[in-house]
2 protein chains.
Amino acid sequence: MAVTLKNIADKVGKSVPTVSRALAGFDDISPKTRDYVQAVAKEMGYVPNNFARKLQSQKADAVGLILPGSENLRFSDPFFGLLLSGIIERTSAAGMDLSISAANDDEELDVYMEHIKGQRVDGFIIVRTHRKDKRIELLRKHKFPFVSFGRMEDDNNFNFVDEDGNWGIEQVVDHLVDLGHTKLGCIAEPLLYTKSFSRVQGFLNGLKKHGLKFADENLVVTNYRQRSGREAALRLLDLPQPPTAIVALNDLLAIGAIQAAQERGLKVGRDVSITGFDDIVLAEMSNPSLTTLHQPAHEMGTLVAENLIQQIKNQSIEQSQIVLKPTLVVRNSTGTPV
Amino acid sequence: MAVTLKNIADKVGKSVPTVSRALAGFDDISPKTRDYVQAVAKEMGYVPNNFARKLQSQKADAVGLILPGSENLRFSDPFFGLLLSGIIERTSAAGMDLSISAANDDEELDVYMEHIKGQRVDGFIIVRTHRKDKRIELLRKHKFPFVSFGRMEDDNNFNFVDEDGNWGIEQVVDHLVDLGHTKLGCIAEPLLYTKSFSRVQGFLNGLKKHGLKFADENLVVTNYRQRSGREAALRLLDLPQPPTAIVALNDLLAIGAIQAAQERGLKVGRDVSITGFDDIVLAEMSNPSLTTLHQPAHEMGTLVAENLIQQIKNQSIEQSQIVLKPTLVVRNSTGTPV
DNA sequence: TTTGACTTCTAAAACGTTTTAGAATATAGT
DNA sequence: ACTATATTCTAAAACGTTTTAGAAGTCAAA
């Protein structure tokens with residue numbers, strides 16, 4: 001049976017509030033009583049009941065992360081895993097719980113509302129933002145604290161941490177053009193995600209900047225998996241005029257693309273250049289190693305969490321918007337076109 | 001401001017308990033009142049306050065997963081990610097929270113105790129079991145519900161879900177010996193983990209079964225990362241009498257080993273055979289594709305969660321111990337030795 | 001018309017904490 | 001010696017829910 005304030009109060013012969021205030025170190029308790037109470041509490045192994053405390057304080061001391069049901073397998077994505085580890089590290093350190101759950105798309109917003117109304121969390125972390133994101137609109141409407149990892153297409157007056165994907169992919173295009181490539185292909189995740197859309201913009205901007213023209217068939221939109229990357233790359237490589245460089249918009253896609261190229265008997269880095277995005281651990285180890293954009297996934301997770309915790313604790317309305325530029329890491333999957 | 005039972009009670013002109021019992025559907029409330037109360041509650045958007053409910057019920061309706069601090073980056077391991085997704089899916093479906101936190105090794109047991117005494121969770125999921133696991137011993141001593149993913153070395157009278165790693169690796173050895181290999185090397189994670197230890201046993205048992213002798217230098221113990229796999233493989237390949245087959249005890253290690261072999265100018269699957277364990281998505285996409293043992297990571301996560309939820313809800317003491325055999329998937333990283 | 005049995009509801013207590021308002025005692029100032 | 005002021009404590013209320021015990025009312029049977 002758990003030890004309660006009442007147990008301690010009985011033992012020390014004081015009232016429950018006295019014990020409560022003694023443990024909290026209030027100065028209307030004499031040092032003598034305070035020390036005695038604290039000693040007894042420690043000896044009895046007292047740990048406050050969380051729910052009683054939260055009921056009274058009307059604070060959940062918890063952060064919610066509701067995973068879109070359709071994204072259940074996202075956990076196998078190393079980038080997401082690292083992001084999550086950063087979030088957990090930071091929330092843990094702040095003594096807050098991280099409540100992770102999953103919701104099917106059709107009930108997603110209801111789940112958010114239930115968390116809010118049931119006062120289960122003090123704030124949310126939103127991942128995989130859409131260009132028009134119903135979750136963000138909902139939370140903003142209810143003035144409920146949240147930080148998103150990623151922006152919307154516009155109307156971004158809320159706290160977020162994001163990459164500069166547009167800028168990043170432009171660096172990649174610069175790199176490829178510098179090497180001499182003029183026919184570039186692109187493999188993207190669904191464009192309803194801001195992240196994907198923005199990276200594609202970077203691709204198009206890059207082409208325009210260098211006076212290269214874009215043909216529809218050079219952009220293949222698919223999902224985030226390696227398998228899809230392979231299939232998409234095959235489509236690009238089998239075009240009448242195949243690109244000499246393929247800009248895959250994440251590393252898993254890029255690795256799939258490398259596989260596809262090798263299936264077609266091409267030497268990656270010589271016959272065809274392939275790039276990724278995120279710099280997951282694997283990128284360095286793939287064969288050939290992958291030219292990609294490095295992102296500090298773990299740190300981004302801590303930033304998101306930190307941002308939200310600040311917002312919750314300070315009740316401050318000041319906006320914190322962080323955009324991190326990825327850094328180009330040139331490895332062996334890119335080279336001068338033959 | 002959140003809607004409470006009192007708000008509803010005022011509105012319908014009944015007492016708070018009546019409203020509470022009407023919403024819960026007790027039959028000492030007239031159908032008329034029940035329907036009316038439920039309608040009003042819905043209209044007002046009532047959602048029960050979680051903490052009040054939990055305080056009263058003395059149940060947390062939550063499952064704890066305390067990640068060893070040293071394992072923070074585990075999230076980047078795709079296998080762990082999938083396991084986690086299974087756990088989340090199942091706990092979510094059961095209406096329970098999953099409370100994930102991190103604890104440094106020196107304070108780990110204290111964190112467990114605080115969760116227990118503070119009644120924050122109804123049970124724990126233990127991951128990465130040690131051969132002697134202090135966490136398991138602690139929980140068992142306090143008769144607190146838990147399910148572990150993995151066993152201890154012995155004394156396993158508790159609920160767990162585990163792989164049959166020993167058996168699995170024996171299959172791998174059989175496969176390699178069938179191909180004609182007689183000099184086998186092995187790359188393992190630290191042996192204090194039961195998982196690693198057990199897989200190594202499988203390796204040794206396999207050798208013995210086939211009358212092959214084992215030399216110490218053919219076993220390299222390192223950590224779980226690709227980088228380590230590469231370094232370990234280099235050590236094996238640079239031996240005076242290098243093995244013709246390397247049994248890496250997880251896929252990341254195996255992929256590192258493949259890289260090492262390629263650095264030494266060896267063609268994997270011909271000059272040297274390499275195997276993994278887990279069959280992460282990447283295994284199929286690596287070059288060459290990896291012969292490995294498949295494990296249903298996501299399903300294992302659901303099993304662990306299901307097991308714990310049963311235990312919590314039924315208060316039953318019946319033991320549930322599940323051991324799953326991995327299945328050998330032969331791909332292109334293994335072949336007849338030259 | 002009284003008893004007994006149902007049906008439907010409510011008052012009170014409980015879960016364990018914190019906050020507020022104020023009581024009791026001690027200390028100092030005149 | 002009496003008032004004013006600190007100091008140290010406690011009683012009561014509050015957070016929102018559920019459970020327990022029992023009250024009030026209705027109805028049928030005797």
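Order of the sequence lines sets the chain letters (A, B, ...), proteins ahead of strands, with each chain counted from 1.
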Length of the CZ-P vector between B/F26 and C/dT10, whole Å | 16 Å
Taking B/T129 for its side chain and B/M152 for its backbone only, find out whether a donor-acceptor pair lies under 3.5 Å.
-> no
Nearest-angstrom distance from the residue atom CZ of B/R21 to P of C/dT7 | 15 Å
Is the distance from OP1 or OP2 of D/dA14 to the nearest side-chain N or O of A/Q58 less than 4.0 Å?
-> no
Using whole Å, report how far CD1 of B/I29 lies from C1' of D/dT19.
-> 13 Å
Please report, rounded to the nearest Å, how far the C1' atom of D/dT5 is from the CG atom of A/D28.
-> 16 Å
Atom NZ of B/K32 to atom C1' of C/dC9: distance rounded to whole Å?
-> 13 Å
Side-chain ion pair, B/D28 and B/R21, N-O less than 4.0 Å | yes
Starting at atom CG of B/D35, determine the distance to atom C1' of C/dT8, rounded to an integer number of angstrom.
-> 15 Å
Less than 4.0 Å between a side-chain N and a carboxylate O, is that true for B/D61 and B/R53?
-> no
Step by step, would you call B/H142 with B/L138 a side chain to side chain contact (heavy atoms under 4.5 Å, CB included)?
-> CA-CA 6 Å; B/H142 286 82; B/L138 182 80; 3.9 Å; yes
Could you tell me which residues satisfy side-chain contact (heavy atoms from CB on, under 4.5 Å) with A/N7, sequence neighbours excluded, listed by chain and number?
-> A/V3, A/T4, A/M44
A/R140 side chain reached by A/D155 side chain, heavy atoms, under 4.5 Å = yes
Are A/F124 and A/H115 close enough that some pair of their side-chain heavy atoms sits under 4.5 Å apart?
-> yes
Axial bend angle, the helix from C/dT1-D/dA30 to C/dT30-D/dA1: five-pair end segments, nearest 10° | 70°
Whether A/Q311 side chain and A/F146 backbone form a donor-acceptor pair below 3.5 Å = yes
Can you check whether B/N156's main-chain N or O pairs, donor with acceptor, with B/Q321's side chain at less than 3.5 Å?
-> yes
Does the side chain of B/L109 reach to within under 4.5 Å of the side chain of B/R135, using non-hydrogen atoms?
-> yes
Determine, stepwise, if the pair A/L65 / A/L84 fulfils side chain to side chain contact (heavy atoms under 4.5 Å, CB included).
-> CA-CA 10 Å; A/L65 174 57; A/L84 192 58; 3.6 Å; yes
With sequence neighbours excluded, tell me which residues meet salt bridge (Lys or Arg N to Asp or Glu O under 4.0 Å) with B/E153.
-> B/R131
Check DNA chain C against residues 46-57 of chain A and give the residues with a non-hydrogen atom under 4.0 Å, in numerical order.
-> A/Y46, A/P48, A/N49, A/A52, A/R53, A/Q56
What is the distance, rounded to the nearest whole Å, between atom NZ of B/K59 and atom P of D/dT19?
-> 12 Å
Between A/Y193 and A/H130, how do the two ring planes meet: parallel, tilted or perpendicular, split at 30° and 60°?
-> perpendicular
Which residues in residues 111-121 of chain A have at least one heavy atom lying under 4.0 Å from any atom of DNA chain C?
-> none
Neighbours of DNA chain D within residues 4-20 of chain A, by heavy-atom distance under 4.0 Å | A/K14, A/S15, A/P17, A/T18
